[in-house]
Number of protein chains: 2
Amino acid sequence: MRLLHVRDSVSVFAALGDETRLQIVARLCKEGPASIVRLSEGFAMSRQAITKHLHVLEGAGLVRGSRPGRESVWELLPERLDVARASLDQISAEWDAALGRLKDFVEK
Amino acid sequence: MRLLHVRDSVSVFAALGDETRLQIVARLCKEGPASIVRLSEGFAMSRQAITKHLHVLEGAGLVRGSRPGRESVWELLPERLDVARASLDQISAEWDAALGRLKDFVEK
DNA sequence: ACCATATGCAACCTCTTGGTTGCAAGATGG
DNA sequence: CCATCTTGCAACCAAGAGGTTGCATATGGT
């Protein structure tokens with residue numbers, strides 16, 4: 001169950017490991033749900049490029065799109081950020097545990 | 001200063017967004033510093049592939065290598081994980097702020 | 001001095017990524 | 001109904017990522 005989290009977090013990290021996508025996440029976060037055209041206005045690249053990035057984010061579960069009418073609106077799913085956070089915390093916890101073991105070893 | 005953090009965190013996310021590299025980080029964390037041959041024993045790929053991954057991690061500041069003698073030993077730099085954590089926290093904080101504004105808007 | 005070990009370097013290969021363009025097609029508003 | 005707006009789809013492309021192999025080089029132990 002723990003290892004599944006780690007596996008899962010890889011896709012989240014990979015999705016956030018691109019400047020454009022991280023900016024998309026930040027914008028969706030600050031400005032709320034937005035359509036593709038509105039989102040692409042903020043970037044110096046084509047609408048289709050933004051669409052591809054949205055699909056990557058969707059694949060990582062970070063974002064969800066719906067289509068009421070002719071425009072597709074995308075919103076952030078902030079719960080998925082916790083997966084990455086949990087992974088970081090797990091690594092840090094194991095690091096601390098390793099330090100503890102080292103300390104025990106030195107003192108004995 | 002804040003935006004520099006965000007820019008910086010992209011490289012950390014990208015470095016962690018690969019299963020092999022995340023496993024390397026986990027191993028360095030649990031088992032402490034290790035040489036390249038010792039690290040590559042755990043993976044089904046060549047030593048050079050591991051070396052490349054270590055250089056990517058080094059580029060993100062997550063890992064540091066030294067060479068005492070004939071083997072090069074690599075260790076984790078856990079402080080860099082805080083950069084990613086800070087970025088996640090910033091996004092979450094802005095999300096909460098956005099929810100707060102929405103609540104104000106609805107109530108007024 | 002010699003041999004085994006550990007690494008670095010460089011060339012090479014394949015598949016993916018991030019981006020483009022062009023065109024077709026489904027809503028919308030007058 | 002028509003013009004417009006927004007999107008989806010597909011083909012295409014250059015560059016980078018991830019991996020391999022072969023060879024050169026430095027270090028350590030005997």
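Here is the naming used below: chain letters follow the sequence lines, and residue numbers restart at 1 for every chain.
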ask   = At what distance, to the nearest 0.5 angstrom, does CD1 of A:I50 lie from CZ of A:R21?
value = 10.5 Å
inquiry  = Distance check needed: C:dG19 P versus A:E19 CD, whole Å only.
reply    = 10 Å
query = Under a 4.0 Å heavy-atom cut-off, which of residues 43-54 of chain A touch DNA chain C?
reply = A:M45, A:S46, A:Q48, A:A49, A:K52, A:H53
inquiry  = Testing the basics here: between A:S9 and A:S87, what is the closest heavy-atom pair and its distance to 0.1 Å?
reply    = OG-OG, 3.3 Å
message = For the CD atom of B:E94 and the NZ atom of A:K30, what is their distance to the nearest 0.5 Å?
response = 4.5 Å
key: Closest to side chain of B:I36, choosing from C:dT7, D:dG8, D:dT6   = C:dT7
inquiry  = Can you list everything that forms a side-chain contact (heavy atoms from CB on, under 4.5 Å) with A:Q48? Sequence neighbours excluded, please.
reply    = A:S46
Value in whole Å for how far the P atom of D:dT6 lies from CH2 of A:W74 = 17 Å
Of all pairs that satisfy salt bridge (charged side-chain N to carboxylate O under 4.0 Å, His left out), the ones with a partner from residues 77-90 of chain A, not counting sequence neighbours = A:D8-A:R80, A:D82-A:R85, A:R85-B:D89, A:D89-B:R85
task = Measure the distance from CD on A:E71 to P on D:dT4 and round it to the nearest whole Å.
result = 19 Å
task = Select base, sugar-phosphate, or nothing to describe what A:R21 touches, counting heavy atoms under 4.0 Å on all strands.
result = sugar-phosphate
ask   = Mind checking whether A:F43 and A:L16 sit in one hydrophobic cluster, side chains of I, L, V, M, F, W, Y counted as touching below 4.5 Å?
value = yes
query = What about A:L77 and A:V73, same hydrophobic cluster or not, with Ile/Leu/Val/Met/Phe/Trp/Tyr joined at side-chain heavy-atom distances under 4.5 Å?
reply = no
task = Walk me through it: do A:T20 and A:M45 pass the test side-chain contact (heavy atoms from CB on, under 4.5 Å)?
result = CA-CA 10 Å; A:T20 303; A:M45 66 186 71; 3.5 Å; yes
What pairs of nitrogen or oxygen atoms, one from the protein and one from nucleotides 13-16 of chain D, lie under 3.5 Å apart?
none

inquiry  = Rounded to whole Å, please give me the gap between NE2 in A:H55 and P in C:dT16.
reply    = 18 Å
message = So does B:I36 get a backbone contact from the side chain of B:R47, meaning a donor-acceptor N/O pair under 3.5 Å?
response = no
A:P33 side chain near A:L28 side chain, heavy-atom distance below 4.5 Å = no
note = Terminal axes of the helix from C:dA1-D:dT30 to C:dG30-D:dC1 (5 end pairs apiece), angle rounded to 10 degrees, sit apart by 30°
query = Tell me: CD of A:E41 to C1' of D:dC5, nearest whole Å?
reply = 12 Å
Between the protein and nucleotides 27-30 of chain D, which nitrogen or oxygen pairs are less than 3.5 angstrom apart?
from   : atom 1 : to    : atom 2 : distance (Å)
D:dT27 : O2     : B:R70 : NH1    : 3.3

request  = Flag the pair B:H55 / B:W74 as yes when their ring centroid distance falls below 6.0 Å, and as no otherwise.
outcome  = yes
inquiry  = What I'd like to find out is whether the side chain of A:L76 reaches to under 4.5 Å of the side chain of A:L57, using heavy atoms alone.
reply    = no
message = For a quick test of reading the model, state the closest non-hydrogen atom pair linking B:A98 to A:C29 and the distance between them.
response = CB-O, 3.5 Å
